[in-house]
Amino acid sequence: MPELPEVENIRLSLAKNIIGQEIKEFKLFWPDVFVNATDLDPNDLLIGKKVESLGRRGKYLFIHLAGSVTLILHFRMTGKLIYYQGEHEPEKHTHAVFYLENGQIHHSDMRKFGRIQLVETALLGKVPAIAKLGPEPFDERFSIEVFGQRLSGKKSTIKSALLDQETVAGIGNIYADEALFMAGIRPERRTASLKISEVILLYDAIQGALKAGIEAGGTSFRDYRDGDGNKGLFQENLYVYGRAGQNCKVCGSVLGKTKTAGRTTVFCPVCQI
DNA sequence: CCATCATCCTGCCGGC
DNA sequence: TGCCGGCAGGATGATG
């Protein structure tokens, strides 16, 4: 499921192929995927527009078009956005295709949870889901102090706090479990119970896990592909996610599994306190 | 404020 | 072999 590292890899892999190209045609195969806030025909706003740049905020991908219009994409679980040089036939779960000068961008999503939205670029920050997002994990303004401040007063479990996009943007179930393992903290711990030393460990673990994920090309546990259709490699480096019942890579203990914050959660009963 | 649950959706897997 | 129930989960909104 695309979390920050995966969306960042989609952004980077697409950018090198589509920036500067003009949208010639747009086809929608499953209309529900498109959330049109303006009530205008997407075609009127997309055709003839050039791709200017690609951005990202948390797990949201932005495709900025000339003419001050931006496409917002969220991939949820199984969403994909792949660029094909030249022609490419739509596949079973292809919901939208952007036809460019030299190729096509195919949006597909087996589970149909992902959405595409079109907004005026100037209003991007006003979109509720975007406006609510917490700081970017690698923004210099996201300091250890800021992190501690955002955690303070929370009565939820620390896993729930990490999954909450208002705490920090971009963490999902995979990187939440990985960061908590790296920090040696049990997912079901109450946020308020964390010592300052643990908050610092967790801060470093969040950045460490996300950075490692980005550099490995993301986690292709099952469905994830980047904008070139390639898999990532981080699934080979996971400490806990998807490894319940297997041995901890650090201490050899059998990894435990719980349901925390409504999500499957894997942890090491020895390494995490 | 927080937790839990239903909703959306389809492929996969284990059990029988 | 084939059917079926359960599971996977990000964001949102309802409910307790």
Side-chain angles (χ1 to χ4, degrees), chain A residues 1-8 10 28-35 37 56-62 72-81 90-96 107-117 119 126-134 136-137 149-180 186-194 206 210 213 218-225 231 235 238 240-246 255-267:
Chain A
M1 52 233 76
E3 303 179 24
L4 188 152
E6 289 73 37
V7 179
E8 182 64 8
I10 293 172
L28 210 45
F29 298 95
W30 184 61
D32 289 3
V33 76
F34 208 94
V35 179
R56 181 193 55 74
R57 186 80 171 83
K59 304 172 196 171
Y60 292 85
L61 178 73
F62 303 143
I72 306 172
L73 293 101
H74 196 297
F75 302 101
R76 290 295 216 280
M77 249 71 74
T78 55
K80 296 190 187 82
L81 198 61
E91 294 167 15
K92 187 178 178 186
H93 299 294
T94 304
H95 303 318
H107 175 272
S108 68
D109 187 354
M110 181 184 83
R111 301 275 282 281
K112 294 184 171 176
F113 278 23
R115 290 295 181 268
I116 305 173
Q117 191 172 352
V119 297
K126 304 281 186 194
V127 175
I130 308 296
K132 282 190 295 187
L133 291 175
E136 280 296 311
Q149 201 174 12
R150 299 186 78 84
L151 291 180
S152 69
K154 282 193 183 293
K155 292 175 180 174
S156 63
T157 62
I158 186 60
K159 166 114 185 205
S160 174
L162 292 183
L163 290 176
D164 184 351
Q165 300 302 297
E166 296 180 35
T167 307
V168 189
I171 301 171
N173 208 28
I174 296 173
Y175 294 93
D177 277 11
E178 292 301 305
L180 286 165
R186 292 270 186 123
E188 72 275 17
R189 285 267 303 278
R190 292 284 136 183
T191 303
S193 78
L194 297 194
I206 288 169
L210 293 175
T219 304
S220 290
F221 190 76
R222 177 166 288 170
D223 301 287
Y224 168 71
R225 300 292 184 277
K231 289 186 178 188
Q235 63 279 8
L238 295 173
V240 286
Y241 181 85
R243 300 192 67 247
Q246 299 181 42
L255 298 177
K257 182 166 127 174
T258 60
K259 204 90 168 172
T260 305
R263 298 279 171 268
T264 300
T265 301
V266 186
F267 66 99

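Letters A, B, ... are given to chains in the order of the sequence lines, protein chains preceding strands, and every chain is numbered from 1.
A heavy-atom distance below 4.0 Å to DNA chain B is reached by these residues of residues 149-156 of chain A, ordered by number: Gly153(A), Lys154(A), Lys155(A), Ser156(A).
Using a 4.0 Å cut-off, no side-chain N or O of Lys259(A) falls inside it from OP1 or OP2 of dC7(C). The shortest distance between the side-chain N/O atoms of Lys257(A) and the OP1/OP2 oxygens of dC7(C) is not below 4.0 Å. Listed pair His93(A) / dT10(B) fails the phosphate criterion, with no side-chain N or O lying under 4.0 Å from OP1 or OP2.
The side chain of Ser160(A) lies closest to dA3(B), out of dA3(B), dA8(C), dA11(C).
Nucleic acid contact for Tyr241(A): sugar-phosphate only, since backbone atoms but no base atoms lie under 4.0 Å from a heavy atom of the residue.
With a 4.5 Å cut-off on side-chain heavy atoms, Lys112(A) and Asp32(A) do not count as touching. Residues Thr78(A) and Met1(A) fail the side-chain proximity criterion, which asks for heavy atoms closer than 4.5 Å. Residues Pro187(A) and Thr258(A) have side chains not in contact (no heavy-atom distance under 4.5 Å, counting atoms from C-beta outward).
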Atom pairs, N/O to N/O, protein against nucleotides 6-8 of chain B, distance under 3.5 Å?
none

Give each protein N/O atom lying under 3.5 Å from an N/O atom of nucleotides 12-15 of chain C, with the pair distance.
none

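Consecutive Watson-Crick or G-U pairing (both distances under 3.5 Å) extending over three or more pairs maps onto DNA chain C as B:2-16 with C:2-16.
Distance check, rounded to the nearest 0.5 Å: CG of Leu194(A) to CD1 of Ile158(A) gives 5.0 Å.
Taking the six-membered ring where the residue is Trp, Trp30(A) and His95(A) present tilted rings, their angle falling between 30° and 60°.
A salt bridge between Lys159(A) and Glu188(A) is absent, with no side-chain N of the basic residue lying under 4.0 Å from a carboxylate O of the acidic one.
With sequence neighbours excluded, the residues that form a side-chain contact (heavy atoms from CB on, under 4.5 Å) with Thr94(A) are Phe29(A), Pro90(A), Glu91(A), Val97(A), His106(A), Ser108(A). Evaluation of the salt bridge (charged side-chain N to carboxylate O under 4.0 Å, His left out) rule for Lys59(A) yields no partner, not counting sequence neighbours.
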